[in-house]
Amino acid sequence: TQSTRPQRLLGAVQKNATRGDPRSVVQAIDQFCRQKEWAMNVGDEKGCILDSVVSEVNPATVLELGTYCGYSTVRIASLLPPHAKLITLEFNPDFAAIARQVIAWAGLEDKVHLVEGASGDWIPKMTEQFGVKTFDLVFLDHWKDRYLPDTMLMEECGLLRKGSILLADNVICPGTPDYLEYVRSSPRYESQYFKSHLEYTKVEDGLEKSVFLG
Ligand SMILES: O=C(NC/C=C/[C@H]1O[C@@H](n2cnc3cncnc32)[C@H](O)[C@@H]1O)c1cc([N+](=O)[O-])cc(O)c1O
Ligand SMILES: [Mg+2]
């Protein structure tokens, strides 16, 4: 039977990356996506912006919405301080299965909790299931029409505190107009746009960093 693109991406990691070396896993995926098949990872250019925000925030608790193959999960988890926790939500079981193996190859299983399920169902359960009070950093990279409803849900569930950072991928391409309008016009957020390019292309895209003001 035909393999899927995520399966071929995992194969490239197992072939070209060193077990336990997150940077080599990231490099293997970027090489696969540049040379073989494009895939919707945040990529190396926007990935550097993601890295700098993670390093600056130095978060103890991180929520990622939309694991896909685990590329950004590995980038974020590799920068976390000891005892920090990254919870990543993925509702497609096939993608979740690939992501678990990519995260394991990077040797980051202890820092990552991959939850198979939908953000809308799991955001309200974060505190009771994982003992998380608030998130220091949230990386939004799932369906673009879910960014706004899930952000409002996180506010309602009290998962954001004064200073929590939301970092959103693809605010230009494919675009998240309703989310962008909300975080840029709401008095409860201080927003900043980091101009970049759509992964592995010359098309404009960027990340929006929004600080929740409480
Ligand atoms: O569409 C894009 N991303 C959607 C990502 C979706 C991923 O998040 C999961 N998901 C969705 N809602 C979910 C709710 N709960 C849990 N997982 C969820 C999906 O199963 C998928 O693994 C995209 C597209 C382009 N592009 O150029 O076309 C570029 C990008 O960088 C992108 O991120
Ligand atoms: Mg994306």
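Note that the structure is a prediction, hence the values are computed from the model and not measured. For ligands, and for the atoms within them, numbers begin at 1 and follow the listed sequence. All heavy atoms count here, side chains included; hydrogens, waters and symmetry mates do not.
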Does [X] come within less than 4.0 Å of [Y], counting only side-chain N to carboxylate O?
{"X": "K195", "Y": "E208", "answer": "no"}
{"X": "R23", "Y": "D51", "answer": "yes"}
{"X": "E199", "Y": "R34", "answer": "no"}

Same cluster for L89 and Y179 if Ile/Leu/Val/Met/Phe/Trp/Tyr side chains link at under 4.5 Å?
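Yes, it is one cluster - the side chains of L89 and Y179 are joined through contacts under 4.5 Å.
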Give a yes or no on whether E45 atom CD has more than 12 heavy-atom contacts from other residues, nucleotides or ligands under 6.0 Å away.
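More than 12 heavy atoms, drawn from other residues, nucleotides or ligands, come within 6.0 Å of this atom.
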Tabulate below the donor-acceptor pairs under 3.5 Å that side-chain atoms of residues 163-174 make, not counting sequence neighbours, or state none.
residue	atom	partner	partner atom	Å
S164	OG	F135	O	2.7
S164	OG	R161	N	2.9
S164	OG	R161	O	3.2
D169	OD1	K46	NZ	2.7
D169	OD2	K46	NZ	3.4
N170	OD1	K144	NZ	2.8
N170	ND2	C173	O	3.1
N170	ND2	D205	OD2	3.2

At less than 4.0 angstrom from any atom of ligand 1, which residues have a non-hydrogen atom? List them by chain and residue number.
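For ligand 1, the residues that come within the 4.0 Å heavy-atom cutoff are W38, M40, G66, Y68, L89, E90, F91, N92, F95, G117, A118, S119, D141, H142, W143, K144, D169, N170, P174, L198, E199.
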Backbone N/O of Y68 and side chain of E90: donor-acceptor pair under 3.5 Å:
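Between the backbone of Y68 and the side chain of E90 there is a qualifying donor-acceptor contact (under 3.5 Å).
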With a 3.5 Å distance limit and no angle check, can you tell me whether R5 reaches the backbone of W38 through a side-chain donor-acceptor pair?
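Looks like yes, one N/O pair under 3.5 Å.
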Could you work out the complete set of other residues in the hydrophobic cluster of W143, with links drawn between I, L, V, M, F, W and Y side chains under 4.5 Å apart?
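W143 shares its hydrophobic cluster with F91.
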Taking the Mg ion (ligand 2) as the centre, count the protein N/O/S atoms lying under 2.8 Å from it.
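For the Mg ion (ligand 2), protein nitrogen, oxygen or sulfur atoms under 2.8 Å: 3.
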